[in-house]
Amino acid sequence: MLYELRIYQVVPGRMQALLDRFRDDTIEFFAKHDMKVTNFWVDADETKDRLYYVLEHPDAASRERNFQAFLEDQEWLELRERTEPNGPLHENIEIIYMKEASFFQKV
């Protein structure tokens, strides 16, 4: 399993709009393209305007194929255009790929 940690630096004042878009639409688009979200977090220090979430992928090839399909999805492109009339909701995205440590057992 490949885990993808995505860290969004959100445009100040746009956090709720980004959270609403994930809640109302983006999670469904991820599912449509076989990407599973494990959880979402917002920074405990609200002044940092950061959103974190993790996607699960069977492997790197699946990640590339599924994410590319998501990025090219015409319905997603239209939604993004509709929800960003004043520009993007985030300034940048940091991506970290992770795999489980062999010694750790889930309880």
Side-chain angles (χ1 to χ4, degrees):
M1 190 67 64
L2 177 69
Y3 297 92
E4 179 179 354
L5 170 61
R6 297 178 64 86
I7 304 170
Y8 283 54
Q9 184 61 51
V10 180
V11 172
R14 308 293 303 273
M15 179 65 81
Q16 192 58 55
L18 184 60
L19 294 173
D20 291 348
R21 184 168 74 185
F22 271 108
R23 181 196 65 221
D24 297 340
D25 298 293
T26 308
I27 294 172
E28 290 179 27
F29 279 106
F30 285 165
K32 175 182 175 182
H33 295 288
D34 299 320
M35 295 185 293
K36 179 183 174 188
V37 178
T38 62
N39 208 336
F40 282 88
W41 300 266
V42 292
D43 204 297
D45 179 351
E46 293 179 9
T47 66
K48 295 197 185 282
D49 291 313
R50 283 192 299 228
L51 172 69
Y52 309 82
Y53 67 95
V54 173
L55 292 169
E56 279 186 22
H57 309 283
D59 52 47
S62 296
R63 188 268 177 210
E64 293 306 315
R65 181 179 58 253
N66 295 341
F67 212 86
Q68 193 60 42
F70 163 73
L71 292 175
E72 295 172 356
D73 186 309
Q74 192 59 42
E75 288 180 84
W76 162 249
L77 295 170
E78 291 169 7
L79 172 70
R80 194 176 75 191
E81 186 174 318
R82 268 195 328 274
T83 57
E84 296 182 352
N86 300 316
L89 301 179
H90 55 80
E91 296 173 346
N92 67 336
I93 304 170
E94 180 181 358
I95 302 170
I96 300 168
Y97 297 103
M98 307 172 295
K99 61 182 183 174
E100 290 182 340
S102 61
F103 69 87
F104 187 74
Q105 298 292 321
K106 293 181 184 177
V107 191

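Since this is a predicted model, take the numbers as computed values, not measurements. FYI, side chains are in, hydrogens and waters are out, and symmetry mates aren't considered; it's all heavy atoms of this structure. For reference, positions follow the sequence shown, starting with 1.
Here the CG-CD1 distance, from Asp25 to Ile27, works out to 10.0 Å after rounding to the nearest 0.5 Å. Glu28 contributes atom CD, which lies 10.0 Å from atom CG of Leu79 (distance to the nearest 0.5 angstrom). Rounding to the nearest 0.5 Å places OG1 of Thr83 at 4.0 Å from CZ of Arg21. Annotation: the span from His57 atom NE2 to Tyr3 atom OH amounts to 11.0 Å, rounded to 0.5 Å. Of the inter-residue distances, the one linking Leu51 atom CG with Met15 atom CE reads 5.5 Å to the nearest 0.5 angstrom. One distance of note links CG of Leu18 with CG of Leu89; it measures 5.5 Å at 0.5 Å rounding.
Salt-bridge formation is not detected for the pair Lys48/Asp43: no Lys NZ or Arg NE/NH1/NH2 atom is positioned less than 4.0 Å from an Asp or Glu carboxylate oxygen. Salt-bridge check for Glu94 with Arg6: failed, with every basic side-chain N at 4.0 Å or more from each acidic carboxylate O.
Looking only at atom types and distance, the side chain of Gln9 has no donor-acceptor partner in the side chain of His90 under 3.5 Å away. For the 3.5 Å distance criterion, the side chains of His33 and Asp73 qualify, holding a donor opposite an acceptor. A donor atom on one side chain and an acceptor atom on the other are found under 3.5 Å apart for Glu72 and Gln68.
Within the 4.5 Å cutoff, the side chain of Lys32 has heavy atoms near those of the Glu75 side chain. The side-chain heavy atoms of Lys36 and Leu55, taken from C-beta on, include no pair separated by under 4.5 Å. No side-chain heavy atom of Leu2 sits less than 4.5 Å from a side-chain heavy atom of Asp59.
No side-chain donor-acceptor contact under 3.5 Å links Ser62 to the backbone of Pro58.
With ring centers used as reference points, Tyr8 lies under 6.0 Å from Tyr53. Within the 6.0 Å centre-distance limit, the rings of Phe40 and Phe22 are counted as a close aromatic pair. The aromatic ring centres of Phe30 and Phe70 sit less than 6.0 Å apart.
Around the CD atom of Gln16, the shell of radius 6.0 Å holds more than 12 heavy atoms that belong to other residues, nucleotides or ligands.
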